[in-house]
Chemist: 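I am attaching a structure below and will ask some questions about it afterwards.
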Amino acid sequence: MAILVAPLILLLAFLGAPVFTLIGGGSIFLFAGADIDSSAVIVEMLRLASLPALIAIPLFTFSGYLLAESKAPQRMLALAEALFGALPGGLAIVALFTTALFTAFTGASGVTIIALGGLLYPMLSKQGYPEKFTLGLLTTTGSLGLLFPPSLPIILYALVAKINIDRLFMAGLLPGALLLVALSVYAFFTARSSGVKHIPFSWHALGKAARNAAWEIPLPFLIIGGIYRGLFTASEAASVMAFYVLITEVLVYKDLHITRDVPRVAVKSMLLVGAIFMVLGTALGFTNYLIDAQIPGKIFAWLHAYVSSKLVFLVLLNAFLLVINMIEIFSAIIIVVPIIVPVAAQYGIDPVHLGIIFLLNLEIGYMLPPLGLNLFLASSRFHRKLPTLYRAIGPFLLILLAMLALVTYLPGISLIGAK
Amino acid sequence: MRALYRAEEYLVKAERGAVILLIFAMVALSFMQVLLRLFLHSGIVWLDPLLRHMVLWAGLFGAALAARYAHHFALEAFVHLAPKGLRRPLEIFASVFTVAASALLFYAAWKFIRDEFASGSVAFYIDRLPIKGGWVEIIIPAAFALIGLHTLIGIFRPKDHLEGPF
């Protein structure tokens, strides 16, 4: 039965049918084949109301969108520039760190390139960074920071894979930091070889930028620190952040108006949440069917006949994930994770380690030619043709792939933080 | 047709209103719960299931709005690569398929809700007041009906009308 349905679903997907209709329709069809009433799909969907950590998704998305619509990105950028601008390659490193933070806090939904890219592009060009480097850097930054809490893909992965969100948050910190360092080193050498001008360091500018961002500086410490110290859970952190951001952006900075802007942003953020929930809700029944039909076990048995080594499996898994993630990332997490987690477990791969591999793949999938989302966003934001961007991201892609290899084959990088 | 679009706009207004109210309530109530736990080491027992159902309602109203503003996840990259003349037929095809799938899912949800009401199941208690499962879960068939409706109207809606107010 599934053999018949799968190609049909794929065909419909390529024709542009929404993912939730394919999964929802597909599971009703599969349930009918197994003589189960279609209302069972809805019983599974109702599990959306019994996942205690699910509230983290709407609250983090809402507060991330609030931050993105306020002037927080400009303040953050000014502060980072005052701090690191004087270093060689400083401005590029500023771009890396601010976009990583911004992406983590806005749920990696593609707003980084739109919101920060437009600010950073002229800054970097004026400093004399080569055009190709600037384009590559800004295209990469669209998904950088996906491994840092509280990014939406981490939360979604943990929910779907049924592992502790806080543990996955901790596991992502070191790989994410290493990636930032590797890219910063590349930026440092590029800046030196192309003779980029320095920005003189100024205590005055630093003081001004710090005063302007005084209310936003504590936020990452409060959220990330609070989770790491065990002060609150991920969903409580989401609630604290939503409340804090609402108060500071509306009452302190007055960037957003409580009746003119906040409702608009609330609705906008719930469009994304609604789209995620539909796929998640319909997929809960679908993946349950696959697990009842012992599909992961069959995949493992079939795969194990050809691939007995854990390493080869990981190489194949990475190749598979890169292709899948290039297509649509949230759906990829929801559909693929429940199938590969049991398969990978049979190969003796820690689910937390698998999570980091998966998320790093996502990060790369965002910028992988020809279909990565970052490329399309950067193309429309910077008015460049796609092939120009394909060439520009080359070196960045290599760094990310090297990092992926490192994270894949040295589980310790991910697991050391999750102990 | 014009009257239909206007009627849909009222519906959209109501959905937006519900989403906004739910988000404000979720932020306030969940933050209160965090404060209660941190400072008084207590909490309101029924607030957690209430919040979880508010998340469901907010998300599904969001899903209805996502149908209105064409925000549901789909593999658009391939459609973008298709020749211009094929795009409109593909769009109509995807919409018709969405309407059909929503109808199917609505029927499944309707059967489920009917059974929930018949069995008189209780989702959770607010103090001693039982909250009927059927009522809190009615958002599921409603969401599929709204998604189907917005998508159906979307087939005829002129293009300039499609952009969201964002």
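The sequence lines fix the lettering, A, B, ..., with proteins before strands; numbering per chain opens at 1. Excluded from the calculations below are hydrogen atoms, water molecules and symmetry mates; all remaining heavy atoms, backbone and side chain alike, are included.
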Chemist: Below 4.5 Å, heavy atoms only, C-beta onward: do A/Leu219 and A/Tyr244 meet side chain to side chain?
Modeler: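 They are in contact (side-chain heavy atoms under 4.5 Å apart), so the answer is yes.
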
Chemist: So for A/Phe62, is it side chain, backbone, both, or neither that comes closer than 4.5 Å to the heavy atoms of chain B?
Modeler: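 Interface part for A/Phe62: side chain.
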
Chemist: Could you check whether any side-chain heavy atom of A/Phe243 comes within less than 4.5 Å of a side-chain heavy atom of B/Val34, counting everything from C-beta outward?
Modeler: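 With C-beta onward as the side chain, the pair stays apart.
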
Chemist: Would you mind checking which part of B/Ile147 comes under 4.5 Å of any heavy atom in chain A, side chain (CB onward), backbone (N, CA, C, O), both or neither?
Modeler: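 Looking at B/Ile147, just its side chain touches chain A.
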
Chemist: Taking all non-hydrogen atoms of both residues, which atom of A/Pro150 and which atom of A/Ile155 are closest, and how far apart?
Modeler: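 Taking A/Pro150 first and A/Ile155 second, the nearest heavy atoms are O-CD1, 3.8 Å.
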
Chemist: Let me know if B/Phe73 has heavy atoms under 4.5 Å from chain A in its side chain, its backbone, both or neither.
Modeler: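 Answer is both: backbone and side chain atoms of B/Phe73 are under 4.5 Å from chain A.
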
Chemist: Within residues 132-139 of chain B, which residues come under 4.5 Å of chain A, heavy atom to heavy atom?
Modeler: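 Residues of residues 132-139 of chain B touching chain A at under 4.5 Å: B/Glu137.
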
Chemist: A/Ala238, A/Gly281, A/Gly274: which one forms the most heavy-atom pairs within less than 4.5 Å of chain B?
Modeler: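 Of the candidates given, the most pairs with chain B belong to A/Gly274.
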
Chemist: With rounding to the nearest 0.5 Å, note down the distance linking CZ in A/Phe105 to CE in A/Met241.
Modeler: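 If I round to the nearest 0.5 Å, the distance is 5.0 Å.
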
Chemist: Decide whether A/His257 and A/Glu249 meet the rule of one side-chain donor and one side-chain acceptor closer than 3.5 Å.
Modeler: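 No, no side-chain donor-acceptor contact under 3.5 Å.
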
Chemist: Considering only heavy atoms and a distance below 4.5 Å, find which of A/Leu231, A/Leu48, A/Leu15 pairs most often with chain B.
Modeler: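 If we count pairs closer than 4.5 Å to chain B, A/Leu15 comes out on top.
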
Chemist: Measure the spacing between CZ of B/Arg16 and CG of B/Leu11 and express it to the nearest 0.5 Å.
Modeler: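 Reported to 0.5 Å precision, the distance equals 12.5 Å.
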
Chemist: Who among A/Pro52, A/Ser50, A/Ala242, A/Ser331 has the most heavy-atom pairs with chain B under 4.5 Å?
Modeler: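 Among A/Pro52, A/Ser50, A/Ala242, A/Ser331, the one with the most close pairs to chain B is A/Ser50.
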
Chemist: Do A/Glu69 and A/Asp261 have side chains that get closer than 4.5 Å, going by heavy atoms?
Modeler: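 They are not in side-chain contact.
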
Chemist: Considering only heavy atoms from C-beta outward, does the side chain of A/Leu272 approach that of A/Tyr65 to under 4.5 Å?
Modeler: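 They are in side-chain contact.
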
Chemist: For the atom pair CG (A/Leu284) and CD1 (A/Ile42), what is the distance rounded to the nearest 0.5 Å?
Modeler: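 Here the rounded value is 11.0 Å.
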
Chemist: Looking at B/Glu8 and B/Lys13, does any basic side-chain N land under 4.0 Å from a carboxylate oxygen?
Modeler: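 Between B/Lys13 and B/Glu8 there is no salt bridge, as every charged N stays at least 4.0 Å from the carboxylate O atoms.
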
Chemist: With a 4.5 angstrom heavy-atom cut-off, could you sort out which part of B/Leu35 is near chain A: side chain, backbone, both or neither?
Modeler: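 Neither part.
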
Chemist: What part of B/Val19 gets within 4.5 angstrom of chain A, counting heavy atoms only: side chain, backbone, both, or neither?
Modeler: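 For B/Val19, side-chain heavy atoms alone lie under 4.5 Å from chain A.
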
Chemist: Could you look at A/Val240 and say if it's the side chain, the backbone, both or neither that has a heavy atom under 4.5 Å from chain B?
Modeler: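 Both backbone and side chain.
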
Chemist: Could you look at B/Ile140 and say if it's the side chain, the backbone, both or neither that has a heavy atom under 4.5 Å from chain A?
Modeler: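 For B/Ile140, the side chain is the part near chain A, not the backbone.
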
Chemist: Sequence neighbours left out, cut at 3.5 Å: what donor-acceptor pairs do the side chains of residues 17-36 of chain A make with other protein atoms?
Modeler:
{"residue": "A/Thr21", "atom": "OG1", "partner": "A/Pro18", "partner atom": "O", "Å": "2.6"}
{"residue": "A/Ser27", "atom": "OG", "partner": "A/Ile23", "partner atom": "O", "Å": "2.6"}
{"residue": "A/Ser27", "atom": "OG", "partner": "A/Gly24", "partner atom": "O", "Å": "3.2"}

Chemist: Looking only at heavy atoms and a cut-off of under 4.5 Å, which of B/Ala94, B/Ala67, B/Ser30, B/Ala28 has the most pairs with chain A?
Modeler: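 The answer is B/Ser30.
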
Chemist: Please identify, among A/Val43, A/Val273, A/Val41, the residue contributing the most non-hydrogen atom pairs under 4.5 Å to chain B.
Modeler: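 The answer is A/Val43.
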
Chemist: Nearest 0.5 Å, please: how far is CG in A/Leu280 from CG in A/Leu54?
Modeler: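 A/Leu54 CG to A/Leu280 CG: 6.5 Å, rounded to 0.5 Å.
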
Chemist: Which atoms form the tightest heavy-atom contact between B/Ile23 and A/Ser269, and what is the distance?
Modeler: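 Shortest heavy-atom separation between B/Ile23 and A/Ser269 comes out as CD1-OG, 4.3 Å.
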
Chemist: Under a 4.5 Å cutoff for heavy-atom pairs, which residue among A/Leu12, A/Val265, A/Thr233 has the most contacts with chain B?
Modeler: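 Most heavy-atom pairs under 4.5 Å with chain B: A/Leu12.
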
Chemist: Applying a heavy-atom distance below 4.5 Å, give me the residues of residues 47-66 of chain B that approach chain A, sorted by number.
Modeler: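 Answer by number: B/Leu51, B/Arg52, B/His53, B/Val55, B/Leu56, B/Ala58, B/Gly59, B/Leu60, B/Gly62, B/Ala63, B/Leu65, B/Ala66.
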
Chemist: Pick from B/Phe31, B/Tyr107, B/Phe97, B/Phe144: which one has the most heavy-atom pairs with chain A under 4.5 Å?
Modeler: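 Option with the top pair count is B/Phe31.
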
Chemist: Using a cut-off of under 4.5 Å for heavy-atom pairs, which of A/Val279, A/Asp37, A/Thr282 has the most such pairs with chain B?
Modeler: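 Ranked by heavy-atom pairs under 4.5 Å with chain B, first place is A/Asp37.
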
Chemist: Under a 4.5 Å cut-off applied to non-hydrogen side-chain atoms, are A/Ile333 and A/Pro153 in contact?
Modeler: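 Yes, their side chains come closer than 4.5 Å.
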
Chemist: Could you look at A/Ile57 and say if it's the side chain, the backbone, both or neither that has a heavy atom under 4.5 Å from chain B?
Modeler: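 Neither part; nothing is under 4.5 Å.
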
Chemist: Enter the distance from B/Leu129:CG to B/Phe124:CZ here, rounded to the nearest 0.5 Å.
Modeler: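 The distance works out to 9.0 Å.
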
Chemist: Go through the atoms of A/Ile55 and report whether side chain, backbone, both or neither lie under 4.5 Å from a heavy atom of chain B.
Modeler: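 Interface part for A/Ile55: both.
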
Chemist: Residues two or more places apart in sequence or in another chain: which of them pass side-chain hydrogen bond (donor to acceptor under 3.5 Å, both in side chains) with A/Arg47?
Modeler: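 side-chain hydrogen bond (donor to acceptor under 3.5 Å, both in side chains) check on A/Arg47 returns A/Glu44.
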
Chemist: At what distance, to the nearest 0.5 angstrom, does CG of B/Leu36 lie from CD1 of B/Ile44?
Modeler: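 Taking CG in B/Leu36 and CD1 in B/Ile44, the distance rounds to 5.5 Å.
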
Chemist: Considering only heavy atoms, which portion of B/Ala108 lies under 4.5 Å from any heavy atom of chain A: side chain, backbone, both, or neither?
Modeler: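 Looking at B/Ala108, backbone and side chain both touch chain A.
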
Chemist: Looking only at heavy atoms, what is the nearest atom pair of A/Asn374 and A/Ser143, with distance?
Modeler: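 For A/Asn374 and A/Ser143, the tightest heavy-atom pair comes out as ND2-OG, 3.4 Å.
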
Chemist: Among the options B/Met26, B/Lys111, B/Gln33, B/Glu15, pick out the one with the most heavy-atom pairs lying under 4.5 Å from chain A.
Modeler: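 Most heavy-atom pairs under 4.5 Å with chain A: B/Lys111.
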
Chemist: Between the main-chain N or O of A/Leu386 and the side-chain N or O of A/Ser379, is there a donor-acceptor pair closer than 3.5 Å?
Modeler: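 Answer holds: no.
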
Chemist: Chain B heavy atoms under 4.5 Å from A/Ser235: which part of the residue, side chain, backbone, both or neither?
Modeler: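 Neither part; nothing is under 4.5 Å.
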
